[in-house]
Protein chains: 2
Amino acid sequence: MDLSDRKSKILKAIIEDYISTAEPIGSRTISKRIDLKLSSATIRNEMADLEEMGYLVQPHTSSGRIPSDLGYRFYVNELLKKYSFNVNQLEQIRKAFSVKLLQLDSIVREAGNLLARSNGRYISLVTMPESESLSIRRMGLMYMDAHTFLAILVKSDSMVHNKVIYTQIEVTEESVNLLSQVLNTKLAGLHLDEITPESLTEIATYLGESAPILIPVVEFLKEVLTPKEGAPVYYSGTTNILSQPEYTDVHKAKELIDFLENNQDLQKLIPDRSSKNENISVSIGRENKAKALKDCSTITITYKAGKNATGKIGIIGPTRMDYANVLQSLEGISLHINTLLGQLYQMDGSEEVVKNKPKKRPVRRLE
Amino acid sequence: MDLSDRKSKILKAIIEDYISTAEPIGSRTISKRIDLKLSSATIRNEMADLEEMGYLVQPHTSSGRIPSDLGYRFYVNELLKKYSFNVNQLEQIRKAFSVKLLQLDSIVREAGNLLARSNGRYISLVTMPESESLSIRRMGLMYMDAHTFLAILVKSDSMVHNKVIYTQIEVTEESVNLLSQVLNTKLAGLHLDEITPESLTEIATYLGESAPILIPVVEFLKEVLTPKEGAPVYYSGTTNILSQPEYTDVHKAKELIDFLENNQDLQKLIPDRSSKNENISVSIGRENKAKALKDCSTITITYKAGKNATGKIGIIGPTRMDYANVLQSLEGISLHINTLLGQLYQMDGSEEVVKNKPKKRPVRRLE
DNA sequence: GTTAGCACTCAATCGAGAAGAGTGCTAACA
DNA sequence: TGTTAGCACTCTTCTCGATTGAGTGCTAAC
């Protein structure tokens with residue numbers, strides 16, 4: 001769908017004005033604003049055309065025009081000039097990540113917070129990276145007292161999990177240390193589905209009568225390694241939208257926030273329209289799967305964490321969103337966490353893990 | 001300050017009505033509602049008295065009365081009959097805590113969430129338990145690759161911390177394991193200020209040329225064990241207040257939420273008025289230290305975690321708060337987390353830690 | 001193709017009046 | 001002396017019509 005150069009300019013001007021004012025835009029405003037000198041009457045004619053073509057809507061006769069979903073879509077696809085990266089901005093992003101954040105979940109979560117703070121007007125969201133199946137990179141146990149020990153697991157995606165485990169039977173420091181060592185050598189590099197009953201019984205033989213403590217440990221492994229269907233979404237800056245004029249009605253705001261908090265499955269919220277080679281996905285208004293988001297736009301970008309794990313980070317706001325700005329900071333942040341995570345994974349002793357890993361792993365189907 | 005029985009009854013009726021309706025209460029409403037049969041005119045006289053005494057205020061002449069801060073205070077101190085515990089309710093609280101939550105921070109945080117959910121109208125807050133000085137209960141390292149290992153610390157309050165540490169120099173699995181063992185035997189039971197340069201050099205001697213890896217480990221210990229001044233406050237259900245009539249104005253709501261998020265120091269928000277032997281503190285309206293909370297009431301209860309560590313859990317809402325209900329569920333939840341944490345600490349091998357701990361520890365001053 | 005001009009539309013604003021809830025005060029009553 | 005009925009008064013809220021003003025569509029002229 002093509003538009004004349006003049007129509008494009010007018011549409012762009014309307015959208016950008018509306019993005020910043022949230023008020024319907026009249027022909028006079030545009031005729032004054034735009035570079036090509038045209039009278040309001042001419043603009044009016046063009047606006048009527050644009051409305052007929054579906055790019056603009058009128059809240060009521062004799063009011064200014066506001067962009068339709070289609071209008072925003074055209075804006076995003078065609079009119080948004082490639083934003084140039086501000087080196088300064090990238091530097092600021094880098095600074096915002098404090099040095100001590102060297103763990104995956106902190107990095108990702110902090111990225112979400114940063115995003116929410118950096119625009120201050122929209123809600124930001126992140127999902128933790130999900131890879132189809134995770135393996136055990138490293139694990140260990142730590143004796144605490146006769147009935148307690150700590151289980152620690154480093155997954156192949158570098159996330160660390162730990163759990164305090166209480167046992168009925170008494171354990172000794174030696175037996176815990178022994179189990180720790182055995183577990184590590186036997187299980188490191190394995191996926192959950194590669195932990196067979198046979199290997200477990202083998203491990204149990206090393207333990208003698210303290211074998212039962214293996215049970216809660218395996219529970220823990222299962223719990224942590226089982227791929228969660230639909231990574232949970234973390235929202236940040238939910239109350240940012242309270243400063244948006246479209247949410248001066250508290251009920252609307254609460255409805256949206258409640259909806260988000262109760263719908264943790266990002267897949268169900270937004271369509272997967274990163275069909276192009278781009279990994280950025282922009283969903284405008286009714287393009288979102290959820291009806292509750294019909295007046296919102298969601299922009300998400302996919303980041304990589306390791307070989308085949310990806311997560312998303314994004315923004316939810318009213319359709320009247322500052323797309324240019326959001327896209328830019330989103331891309332800036334994703335760029336940065338990609339490098340951060342890249343560093344994190346570069347340090348992986350991947351070879352070492354690989355040598356322990358059988359070649360023929362059951363293939364996990366994607367549903 | 002004493003009130004006649006009848007005045008008390010009228011005040012109570014007004015407050016409870018106002019709590020549930022948020023509308024100024026007129027004399028006729030009370031004359032119909034209350035058990036002792038009195039005409040509206042009589043009630044009016046009594047209300048005029050109560051206003052003169054400062055328990056009620058009139059938003060404007062010829063409107064009903066609403067309780068003043070003093071009125072609420074009287075209500076809380078004198079009129080609130082001792083709530084009886086509902087066994088059912090306690091059972092529900094118990095169920096709400098899923099079994100897998102066996103770590104201090106999850107327990108406390110979950111308590112906050114539960115509190116926010118259970119009333120659904122107010123903001124809940126929790127602070128992590130703070131004890132003056134924490135010691136190392138147990139620590140360990142876990143080798144990951146030639147430049148990476150994981151440091152794990154279990155503090156005396158049972159909180160587990162871990163951090164991925166990257167080293168410039170190469171480390172071997174053996175050296176990490178050795179250090180792990182040495183650290184544990186040498187440092188377990190110690191407070192931060194008991195870790196002397198001498199003990200560190202002693203440890204270093206065990207390590208030979210891989211001694212430098214001790215540095216980031218000590219950094220980590222410092223970071224985790226240094227007592228934070230003013231435990232951070234975690235809020236939950238901040239958007240709950242959006243459903244309250246006093247916050248239909250979005251700006252007010254946003255102001256409050258922003259204020260809370262930017263003021264993490266609970267000490268500065270509310271006065272420490274748990275002066276009685278009670279550990280519950282109720283601050284009504286302007287009794288709060290922060291002016292931003294002048295239309296809010298805060299109720300906090302202190303829970304115990306271990307011997308001398310305490311944290312707070314509480315509720316923030318409009319002064320028109322359902323005190324009876326909030327107090328009850330607050331006490332219920334604190335009761336439960338006290339027992340949960342009690343179990344957690346009972347399992348502490350305290351003797352074992354004690355034997356390693358020198359008697360004369362530098363006394364830390366309270367400021 | 002562009003523009004000036006004009007009649008028209010419709011939301012938002014304003015103000016006057018009416019309604020209604022509630023009070024204070026007075027006088028009568030038990 | 002305490003309680004109550006009644007009435008005038010106050011003040012908010014609601015309603016409704018008039019006004020305003022931003023903006024449009026259309027027509028005619030350039």
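Per chain, numbering begins at 1; letters A, B, ... match sequence-line order. Computed from heavy atoms alone, side chains included, the values below leave out hydrogens, waters and symmetry copies.
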Euclidean distance, atom CD1 of residue Ile14(B) to atom P of dG22(C) [Å, nearest integer]: 12 Å
Upstream residue (5' side of DNA chain D) when Pro24(A) and Leu38(B) are each assigned their closest nucleotide: Leu38(B)
Selected nucleotide, minimal atom distance to Ser62(B) side chain, candidates dT23(C), dT2(C), dT9(C): dT23(C)
Flag for Tyr234(A)-Ser124(A): side-chain donor and acceptor within less than 3.5 Å: no
Whether Tyr72(A) and Tyr323(A) hold their rings parallel, tilted or perpendicular, with breakpoints at 30° and 60°: tilted
Length of the NE2-P vector between His60(B) and dA21(C), whole Å: 13 Å
Pairing partner of dC8(C) (Watson-Crick or G-U wobble, both distances under 3.5 Å): dG23(D)
Arg28(A) side chain near dA4(C) phosphate (N/O to OP1/OP2, under 4.0 Å): no
Value in whole Å for how far the P atom of dT2(C) lies from NZ of Lys7(A): 10 Å
Contact state string [nucleotides 25-30 of chain D, B base, S sugar-phosphate only, - no protein heavy atom under 4.0 Å]: BB----
Intermediate values then yes/no, side chain to side chain donor-acceptor pair (under 3.5 Å), Gln244(B) and Tyr122(B): CA-CA 9 Å; Gln244(B) 294 287 1; Tyr122(B) 314 121; 4.5 Å; no
Between dT24(D) (P) and Ile30(A) (CD1): distance, integer Å: 10 Å
Basic-acidic side-chain contact under 4.0 Å: Glu246(B), Lys252(B): no
side-chain N/O Ser63(A) vs dA11(C) OP1/OP2, d < 4.0 Å: no
Arg73(B)/Glu287(B) salt bridge by N-O under 4.0 Å criterion: yes
Thr42(B), nearest nucleotide to its side chain (from dT4(D), dT24(D), dG22(C)): dT4(D)
Spacing between Asp49(B) atom CG and dT23(C) atom P, to the nearest angstrom: 14 Å
Salt-bridge criterion met for Arg286(A) and Asp295(A) (N-O under 4.0 Å): no
Nucleotide dT2(C), atom C1' - distance to CD1 of Ile10(A) in whole Å: 12 Å
Distance in angstrom units between Met47(B) CE and dA21(C) P, rounded: 16 Å
Test side-chain contact (heavy atoms from CB on, under 4.5 Å) applied to Leu242(A) and Thr239(A), step by step: CA-CA 5 Å; Leu242(A) 293 182; Thr239(A) 52; 4.1 Å; yes
Sugar-phosphate only, base, or nothing, as touched by Ser40(B) at under 4.0 Å among non-hydrogen atoms: nothing
Spacing of Arg6(B) atom CZ relative to dG2(D) atom P, expressed in whole Å: 9 Å
Partner nucleotide, any strand, of dC30(D) [Watson-Crick/G-U, under 3.5 Å]: dG1(C)
Watson-Crick or G-U wobble partner of dA16(C), both distances under 3.5 Å: dT15(D)
